[in-house]
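Everything below concerns the one structure shown next.
Keep in mind that the numbers below use all heavy atoms, side chains included, and drop hydrogens, waters and symmetry copies. Keep in mind the model is a prediction, meaning the values are calculated, not measured.
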Amino acid sequence: MPSTTARAGGVFLPIVKSLSLSSGSKPNDPSAKKLGSYLVQSQLQAAANSSALFLTAAAQNLLCLKLAEEIGVSIGNPWITWFKVSSVPAVLGLLVTPYLIYKIFPPEIKDTPEAPALAAEKLKNMGPVTKNEWVMIGTMLLAVSLWIFGETIGVSSVVAAMIGLSILLVLGVLNWEDCLNEKSAWDTLAWFAILVGLAGQLTNLGIVSWMSNCVAKVLQSFSLSWPAAFVVLQASYFFIHYIFASQTAHVGALYSAFLAMHLAAGVPALMSALALAYNANLFGALTHYSSGQSAVYFGAGYVDLPDVFKLGFITAAINAVIWGVAGALWWKFLGLY
C-alpha cells in the first residue's frame, strides 16, 4: 500500500481501536492509557521505519528518486537498491521501537489473553476469503514482482502500476467510481506534477546550484569533512520538518536543494540521495501534524498532545542512533562510501 495514511486509517487504526476497546481502553478517557495509547504510539513510530524499508511504501519515496534524477543522481534497479540499502537499519528500527516505547510509555495492561479468541471470532464472522480478495492478493504480488524485476525485463514502475490497476478494474474488484473517490491519490498526482516541474526549473535556472554552493562555502569555512557535513545537513533536513505539515511538501520544497548541498560538500551521491529519502520517512512521526498518518492516529483520541511531541523527539533520537550507527556500518559494507 503506497500510502502511510491509507495504511494507518484503513488497516491499523481499526485493529488498534478494536483491541483497545475490547480491553476497556477508551479514547478521550483516562482509560486510554490502559492499552490504546501504547498501541497507537508504537504503531506510529514503527511505521516510520516500515515506510523507509520499501520504495513503494510511501508517495514521497518515488518523488525523492524523481527529484534526484533532476539533479543528476540516477539510481539503477531502484526497488532492489532501495530495499538493500535500507534493510538493516529499517528492520532493526522495526524490532527495537515497540520495545523502547513499551519501556518509556508503558501500557497499564501488560497481558491480553482474550486477544486470540477475539481475533478468531472476528475471522469467523468475516467468513472465507472471497474471490475478489484472492484477485487482490494475486494482483498485489504481481505488481510488487514487476516493481522488483521490472528493470531486468523492461517493465517500468508506471507500467507495472497500470497493469495492476487494469486487472482490478477488468475483473470488477474496483470500479471507476472507486478510483474517483481516491481523492488523496489525485491530490498526490497533481502535486507531483507541480513539484517535479518546479524542482526541474529551479535546477535549470541555476538556483539550486547557487544555494548549494553558498552552503558548501559556509561548511568549508568551518573546515568540515564530508562526514561531518553529512551529519549537519541530515539533522537540519530532519528538524526543519517541525514547520511542515506534509512529507511530500517538505520533499518537494527542500529535497533538491539539500541533495545539491550534499554533493557540493563532497558526500557520495548515492548515499546522499537515499539517506535524504529515508529521512523523509523518519520525520513523519515527529509531531501530530508531521504526516497524514500522524493526524489519523492523533485524531483517534488515545494520546495527549504533550506525549506526542515528547515521544516524537525521543524516537527521533533513537532512530538517529540506529540509522547513524547500524546504517553507516551497513552502507560501508555495501560500498556506498
Side-chain angles (χ1 to χ4, degrees), residues 1-15 43 47 49-69 74-84 86-87 90 94 119 122-196 247-248 251 277 280-281 284 291-293 296:
M1 296 178 68
S3 168
T4 55
T5 307
R7 289 199 300 274
V11 178
F12 293 113
L13 186 58
I15 296 172
Q43 178 55 36
N49 285 288
S50 66
S51 297
L53 182 58
F54 302 108
L55 172 62
T56 47
Q60 69 271 5
N61 294 350
L62 297 168
L63 178 58
C64 287
L65 295 197
K66 182 63 178 177
L67 294 175
E69 287 182 10
S74 182
I75 300 174
N77 203 353
W79 204 98
I80 291 292
T81 301
W82 180 289
F83 176 75
K84 181 172 66 176
S86 69
S87 57
L94 282 169
K122 294 288 186 182
L123 286 172
K124 184 179 179 181
N125 292 337
M126 291 174 66
V129 179
T130 65
K131 172 192 168 186
N132 282 350
E133 289 169 342
W134 282 117
V135 171
M136 185 69 209
I137 292 171
T139 305
M140 179 194 70
L141 293 175
L142 173 63
V144 172
S145 298
L146 290 175
W147 279 325
I148 295 173
F149 302 109
E151 186 169 294
T152 303
I153 62 178
V155 178
S156 71
S157 58
V158 176
V159 172
M162 292 304 297
I163 289 173
L165 177 60
S166 298
I167 292 172
L168 296 179
L169 288 171
V170 170
L171 297 182
V173 178
L174 295 176
N175 56 49
W176 189 243
E177 191 67 27
D178 295 324
C179 296
L180 293 177
N181 288 333
E182 288 293 333
K183 296 179 181 178
S184 61
W186 293 109
D187 184 56
T188 299
L189 179 63
W191 276 109
F192 264 38
I194 295 169
L195 293 171
V196 170
Q247 290 165 287
T248 305
V251 169
N281 291 283
S291 64
Q293 65 172 343
V296 168

Validation row: Ile153, Leu146 side chains within 4.5 angstrom (heavy atoms): yes
Step-by-step side chain to side chain contact (heavy atoms under 4.5 Å, CB included) determination, Gln247 to Ser51: CA-CA 12 Å; Gln247 290 165 287; Ser51 297; over 6 Å; no
Pairing residues for Thr130 by the side chain to side chain contact (heavy atoms under 4.5 Å, CB included) criterion, not counting sequence neighbours: Asn132, Glu133
Closest non-hydrogen atom pair, Asp178 against Leu174: OD2-CA, 3.5 Å
Side-chain heavy atoms of Asn281 within contact of Leu53, under 4.5 Å: no
Closest heavy-atom pair and its distance - Trp82, Ala52: NE1-O, 2.9 Å
Side chain proximity check, Cys179 to Leu169, heavy atoms < 4.5 angstrom: yes
Interatomic distance, Met162 atom CE to Leu165 atom CG [nearest 0.5 angstrom]: 5.5 Å
Nearest heavy atoms of Ala143 and Ala160, plus distance in Å: O-CB, 4.4 Å
Backbone N/O of Gln293 and side chain of Arg7: donor-acceptor pair under 3.5 Å: no
Thr56 side chain reached by Asn61 side chain, heavy atoms, under 4.5 Å: no
Side-chain donor/acceptor of Ser50 to backbone N/O of Ala47, under 3.5 Å: yes
Interatomic spacing from CD1 in Ile75 to OG1 in Thr81 - rounded to 0.5 Å: 7.0 Å
For Gly284 against Ser291, the heavy-atom pair lying closest together: O-OG, 2.6 Å
Working for side chain to side chain contact (heavy atoms under 4.5 Å, CB included), residues Leu55 and Leu65: CA-CA 9 Å; Leu55 172 62; Leu65 295 197; 3.5 Å; yes
From CG (Leu141) to CE (Met136), nearest 0.5 Å: 10.0 Å
